[in-house]
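Worth knowing before you read on, the calculation uses all heavy atoms, side chains too, and leaves out hydrogens, waters and symmetry mates. First listed ligand is number 1; within each ligand, the first listed atom is number 1.
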Amino acid sequence: MPGSFFTGTTFLLTGGLFIMANESVHNQAPAKRSGFATALGALIATLGSAIGLGNIWKFPYLTGENGGAAFLVLYLLATFLVGLPVMISEILLGRAGRANVITTMRKLSPSPRQPWWLIGAAGALSAFLIMAFYTEVAGWVFAYVVRSLTSNILSTDPQVTLQTFNALVSDPFQSLLWQWVVLILVGGIITFGVAKGIEATTKRLIPLLFILLLIVDVRALTLPGAGAGLAFLFKPDFSKISTTAALIALGLAFFKLSIGMGAMITYGSYWKDDQNIPSTTLRVVLSDLAVSLLAGIAIFPVVFTYGFEPAAGTKLLFITLPAVFAQMPLGNVFIFLFFLLTSFAATGAMVSLVEVLVAFANEQFHLSRKAATWITVGLLALVGSTAALSNSTLAGFTPFGKTLFDLYDFVTSNVLLPVGGLFIAIFVGWVLKPEQVIAQLTNGGTLSNHGVVRVFLFVVRYISPLLVLVVLLDSLGVF
Ligand code: PFF
């Protein structure tokens, strides 16, 4: 029954992190761990962390800013040559270690002196900085949910939709208010132990989000600018390719798949022994890609029909969507549903991010879960405020030429996640014994994944680390 596996998997994700965190603190015999009930359960739960604002908000605006289809090509290369192998690596490490990030890396490291557990610590830093700006964007989504109920936000006039958005983000009070609402909600979900319920709901709503995106796409494709929008998204102009764009594409792949910070190690620790890791991971990656493309197909026809700026940046989703729904029957209902479903997807992703932090604080600083959650939320309110105010009070404060919102985003996607992914690939390709990798990818020899294993080992040893290294060094101006 779908209900039972949804509930099962969500329990495993949220309750499981808790069990694991306590396990190493008290150094007791490992708690009995059960796996996802079904292969589909593992797929859906892992998707619950992957699908979020990365797909609906970040993918379209970065594609718009970096030249459309050419960027999409870079993004596809980053996803399949780096993202997929790193995700398989994290999942296989998780299933081999059957514990949280830090314990897993300690367990699997050839010597206790090698500090591989630092991947977990760096992951906690990434989770914190991602939350600092993610909560602000989630706040905008929440504000739009309420606004679509209380006023008419639909318009095809770029000036009008821009004004609606600016009125929200340039008001320091509203920016902070919505971010804090989001933080308190996420903190509450975690401390009151209803995370399982929320995650279960989120996962049930992901198929609905998918259907709604399809409806919106049909609407977008009937607009006069649909041809131009699709050409922008799918007809590459290779003169737009640059290493800067490559780094951004790489960072987006990591961000969207929730990898490079060890979060997927925790998910992998709950995958069943007979689950086919490469094929399930491939399905996660393809579904995640599909949601992003659907979001892109919803947005770009509107951009070219009504004269929006494709490179509008972080506001792109918020200024274009009111135009998609403007001349559509029941447009007001659809825009409300769209932002509501997006808020659920974002909440699912945020719960998994905060879980990383709470598990880390619980394990490293021996804090209770409740204390860990509210200290984390408090610190996030403090640091996150600097991101929330970066369109108003702190707009003029631009260290390294970036607002703090952009800086947190840049440091995580373009530095921390790729570096984390690099080390995970190196660990699986060069440090872990190949027999261990083979055992995980063939389920102890029961699957005939031999060709897949050979390709995987080659890519994870040579291609993924090299690509990440070249792109990172090049963006630092080394070449
Ligand atoms: N993958 C999520 C998204 O695309 O919105 C963001 C995210 C969630 C990143 C959880 C990292 C993570 F651990």
Side-chain angles (χ1 to χ4, degrees), residues 13-14 17 44-63 75 78-79 83-84 86-87 90-91 94 100-101 119-141 182 186 190 195 198-199 202-203 205-206 209 248-269 281 284-285 287-296 314 317 341-360 376 380 408-409 411-414 416-418 420-421 424:
L13 286 183
T14 50
L17 271 164
I44 290 179
T46 312
L47 264 180
S49 163
I51 294 183
L53 296 173
N55 305 65
I56 297 162
W57 161 73
K58 212 173 210 268
F59 171 82
Y61 98 71
L62 286 179
T63 305
Y75 173 73
T79 298
L84 178 64
V86 170
M87 192 164 185
E90 289 199 22
I91 302 274
N100 66 77
V101 194
I119 291 177
L125 178 64
S126 306
F128 188 85
L129 290 178
I130 290 175
M131 276 299 284
F133 70 89
Y134 204 95
T135 44
E136 178 57 12
V137 184
W140 300 341
V141 172
V182 168
V186 174
I190 291 180
I198 293 294
E199 291 211 345
T202 303
K203 270 156 243 147
L205 291 179
I206 283 178
L209 179 67
I248 294 172
L250 191 67
L252 177 64
F254 279 101
F255 185 91
K256 273 183 56 202
L257 296 173
S258 311
I259 54 174
M261 46 180 280
M264 282 295 160
I265 291 181
T266 310
Y267 280 70
S269 73
T281 310
V284 172
V285 171
S287 317
D288 181 78
L289 180 64
V291 173
S292 305
L293 290 177
L294 289 178
T314 49
L317 173 78
L341 290 176
T342 304
S343 76
F344 273 97
T347 304
M350 286 188 289
V351 167
S352 77
L353 277 163
V354 173
E355 281 288 359
V356 171
L357 291 166
V358 170
F360 180 78
T376 303
L380 279 170
Y408 302 149
D409 185 0
V411 169
T412 47
S413 282
N414 297 6
L416 288 173
L417 299 184
I424 286 165

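Checked against a 3.5 angstrom limit, the closest N/O atoms of Ile130 and ligand 1 fall outside it. Of the N or O atoms in Lys256, one or more lie within a sub-3.5 Å distance of an N or O in ligand 1. Considering backbone and side-chain atoms together, Gly54 places an N or O closer than 3.5 Å to an N or O of ligand 1. Between Leu257 and ligand 1, no N or O atom pair is found at a separation short of 3.5 Å.
Inter-residue side-chain proximity for Leu257 and Met264 is flagged as unmet; no heavy-atom pair is nearer than 4.5 Å. Proximity of Leu252 to Phe59: side-chain heavy atoms (C-beta onward) are separated by under 4.5 Å at one or more points.
Of all protein heavy atoms, the one lying nearest to atom 6 (C) of ligand 1 is Phe255 O, 3.7 Å. Of the protein's non-hydrogen atoms, Tyr134 OH, 2.5 Å is the one closest to atom 5 (O) of ligand 1. For atom 13 (F) of ligand 1, the closest non-hydrogen atom on the protein side is Met261 CE, 3.3 Å. The nearest heavy-atom contact from the protein to atom 8 (C) of ligand 1 is Ser258 OG, 3.4 Å.
Contacts between Ser49 and ligand 1 below 4.0 angstrom, taking non-hydrogen atoms only, involve backbone and side chain alike. At a heavy-atom distance under 4.0 Å, no atom of Met350 approaches ligand 1. With a heavy-atom cut-off of 4.0 Å, Ala50 touches ligand 1 through its backbone alone.
A distance-only check finds no donor-acceptor pair linking the side chain of Tyr267 to the backbone of Glu90 [under 3.5 Å]. A donor-acceptor contact shorter than 3.5 Å is absent between the side chain of Thr376 and the backbone of Leu357.
Residue contacts with ligand 1 leave out Val356, since none of its heavy atoms falls under 4.0 Å from the ligand. No heavy atom of Ala127 sits closer than 4.0 Å to any atom of ligand 1. Distances shorter than 4.0 angstrom do not occur between any heavy atom of Trp57 and any atom of ligand 1.
Results of the side chain to side chain contact (heavy atoms under 4.5 Å, CB included) test with Val411 over Ile130, Leu416, Leu417 single out Leu416 as the only residue that passes.
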Fill in: Worked check of side-chain contact (heavy atoms from CB on, under 4.5 Å) between Ile56 and Leu209
CA-CA 10 Å; Ile56 297 162; Leu209 179 67; 3.6 Å; yes
